[in-house]
2 protein chains.
Amino acid sequence: MTEKDKLTEEKIFDSATEIFIEKGFDGARMRDIADHAGINKSLLHYYYRTKERLFNAVFENIADRIFRKLIPVFDKNLSFEEKIRLFYREHIDLLHNNPRLPVFLLNEIYRNPSRVEKLVKDTPIMKIWTVLSEQHSEELERFNVSADSIPQLMVSIASLSLFPFIAKNIITAMFEKEDYDFDSFIEKRKEYAAEFVIRAIKNREQLPEADSKGQIRREKRTAGR
Amino acid sequence: MTEKDKLTEEKIFDSATEIFIEKGFDGARMRDIADHAGINKSLLHYYYRTKERLFNAVFENIADRIFRKLIPVFDKNLSFEEKIRLFYREHIDLLHNNPRLPVFLLNEIYRNPSRVEKLVKDTPIMKIWTVLSEQHSEELERFNVSADSIPQLMVSIASLSLFPFIAKNIITAMFEKEDYDFDSFIEKRKEYAAEFVIRAIKNREQLPEADSKGQIRREKRTAGR
DNA sequence: GTCTATAGAAGGATAGAC
DNA sequence: GTCTATCCTTCTATAGAC
């Protein structure tokens, strides 16, 4: 009984996840979800009462999945630079395995901004920005990253990994003539994005005019593991 | 007569633009568009026959508007660096005046990828990438930007201006405690993004080898769903 | 060209038998 | 728990009067 319940409920949930991601809340049909799960329409209401509630369950699960996985990255005892590299490896890997999540989340939040409040409150990763800037205040200071511009930096970091998935179709269409493969583009991006950010930050050290000897010293690891 | 026709057709078109941007194709209702225009539902079909056709007209107009404005930027006789600065000033200004367009376009393309083909074919700005890399091949070479990585660079450039608008709600919610104002964030971004890109590129001069010392090679497989 | 009225289909949700 | 049958609403689209 309980065993079977769980099966049905899970089938519904998984199918709903699939359909909602594919079509969005407005485009998704309860019929499609039921068909996809191979069950009767009525059961959707039996388990979740309304389309809205079913969607909320799916939405929260997705938001949780996509953010929770990143927490370990920031808990590690690494330098800012190393965290950037690790972040892009993990984040882009995660997105590569779930390439449709960014558009889904961002679009649904955009259409219904009230969803964001719960997200910011309940999702630990949302505090990363403050945590990060506190953990690495010295380093950031050394790079002449003012506290004022930390939000700019954070948004830039997120942009570089999320945007390619959001614009996947356009990117693919635009470069397809030059025998471009999205998968290899994404694989290369892990390192490219990290280098991009690190260079953008580090160069600040030297900007106070032609430190021609400008050898860039890598700061020591703050600690072993 | 013709005068009045144009008025009605325009009112419909403008209202449709408003509603489609706000709700997306699936969420938009013909009734809402008619009400917004202050006219009868039937007139929508009289002028545009179907919801689909009305949407297509709106979509193409928006795509055209958002891209056409950028063409002059790239026609100018400027260095790559100057173009970057000018691009962000113009692009972010454009987006600031139409902050909902990026999500609208990207989401609709995502839900209906066939829309992208016409876009890439008919929209001159889509050729910018090839034009740019040809116009500035010397400069890019001097910066050690390999032809191979030009798509990475192009996507990165676009990310930095588009993403903040796509994630506006999240960004606002995340930083609101630190008395953050989205408008001033965006204004500052014009210069920030330009500097960011220029530094990221220029630094290549000084880092002949892709520097990946001290990187932690740790394979971690993320399971798909 | 513009309106009213309505067709015809599809949507979410519920009642009730099993 | 699961199914069939069906209610009620809403949606796009059209017919036809003016």
Side-chain angles (χ1 to χ4, degrees), chain A residues 1-62 104 107-108 110-112 114-115, chain B residues 1-62 104 107-108 110-112 114-115:
Chain A
M1 274 298 200
T2 310
E3 200 38 36
K4 204 179 176 190
D5 288 6
K6 203 168 181 185
L7 262 173
T8 300
E9 191 165 351
E10 265 179 14
K11 273 196 294 185
I12 291 174
F13 187 84
D14 292 346
S15 297
T17 300
E18 186 69 23
I19 302 294
F20 278 131
I21 288 176
E22 192 62 28
K23 307 278 190 180
F25 179 81
D26 290 326
R29 298 292 159 238
M30 294 296 265
R31 168 185 303 279
D32 296 340
I33 295 170
D35 289 351
H36 189 278
I39 52 109
N40 194 280
K41 263 203 307 172
S42 308
L43 287 179
L44 301 184
H45 295 96
Y46 177 78
Y47 283 102
Y48 290 94
R49 243 190 115 61
T50 68
K51 183 184 181 185
E52 184 80 26
R53 281 171 192 266
L54 177 52
F55 179 83
N56 285 339
V58 168
F59 181 86
E60 283 171 29
N61 174 264
I62 288 178
F104 170 76
N107 185 58
E108 297 300 339
Y110 172 81
R111 302 257 174 251
N112 190 347
S114 69
R115 296 195 198 288
Chain B
M1 278 300 199
T2 311
E3 198 41 35
K4 204 178 175 190
D5 287 6
K6 202 168 182 184
L7 262 173
T8 299
E9 191 165 351
E10 266 180 15
K11 271 196 295 185
I12 291 174
F13 187 83
D14 292 345
S15 297
T17 301
E18 187 69 24
I19 301 294
F20 278 131
I21 289 176
E22 193 62 29
K23 307 277 190 179
F25 179 81
D26 289 327
R29 296 295 159 235
M30 295 296 265
R31 167 186 303 279
D32 297 340
I33 295 171
D35 289 351
H36 189 279
I39 52 110
N40 194 280
K41 266 201 307 172
S42 308
L43 287 179
L44 302 182
H45 295 96
Y46 176 79
Y47 283 102
Y48 289 94
R49 253 195 99 65
T50 68
K51 183 185 180 184
E52 184 80 26
R53 282 171 191 264
L54 177 53
F55 179 83
N56 285 339
V58 167
F59 180 86
E60 283 171 28
N61 174 263
I62 288 178
F104 170 75
N107 185 59
E108 296 300 338
Y110 171 80
R111 302 257 173 249
N112 190 346
S114 69
R115 296 195 199 288

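The chains referred to below are lettered A, B, ... by the order of the sequence lines, with proteins before strands, and numbering in each begins at 1.
- Identified under the salt bridge (charged side-chain N to carboxylate O under 4.0 Å, His left out) test for residues 32-45 of chain B, with sequence neighbours left out: none.
- Remark: C1' of dG1(C) and CD1 of Ile12(B) are 10 Å apart, rounded to the nearest angstrom.
- Every residue meeting the side chain to side chain contact (heavy atoms under 4.5 Å, CB included) condition with Asp26(B), not counting sequence neighbours, appears here in chain and number order: Asp26(A).
- Under the side chain to side chain contact (heavy atoms under 4.5 Å, CB included) criterion, Ser15(A) pairs with Ile33(A), His36(A), Ala37(A), not counting sequence neighbours.
- As a whole-Å value, the separation of Asp35(A) CG from dC3(D) P is 12 Å.
- The separation between Leu44(A) atom CG and dC3(D) atom P is 11 Å, rounded to whole Å.
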Applying ring-ring contact (aromatic ring centres under 6.0 Å, His included), run through Phe20(A) and Phe104(A) and close with a yes or a no.
CA-CA 8 Å; Phe20(A) 278 131; Phe104(A) 170 76; 7.5 Å; no
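- For Tyr110(A), the ring pair (Phe, Tyr, Trp, His ring centres under 6.0 Å) criterion is met by no residue, not counting sequence neighbours.
- For the pair Phe55(B) CZ and dT12(D) C1', the interatomic distance rounds to 16 Å; values are reported in whole Å.
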Across nucleotides 5-18 of chain C, 5' to 3', mark each nucleotide with B, S or - according to how protein heavy atoms within less than 4.0 Å reach it.
B-----SBBBB---
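- Not counting sequence neighbours, the partners of Ser42(A) by the side-chain hydrogen bond (donor to acceptor under 3.5 Å, both in side chains) test are Asn40(A).
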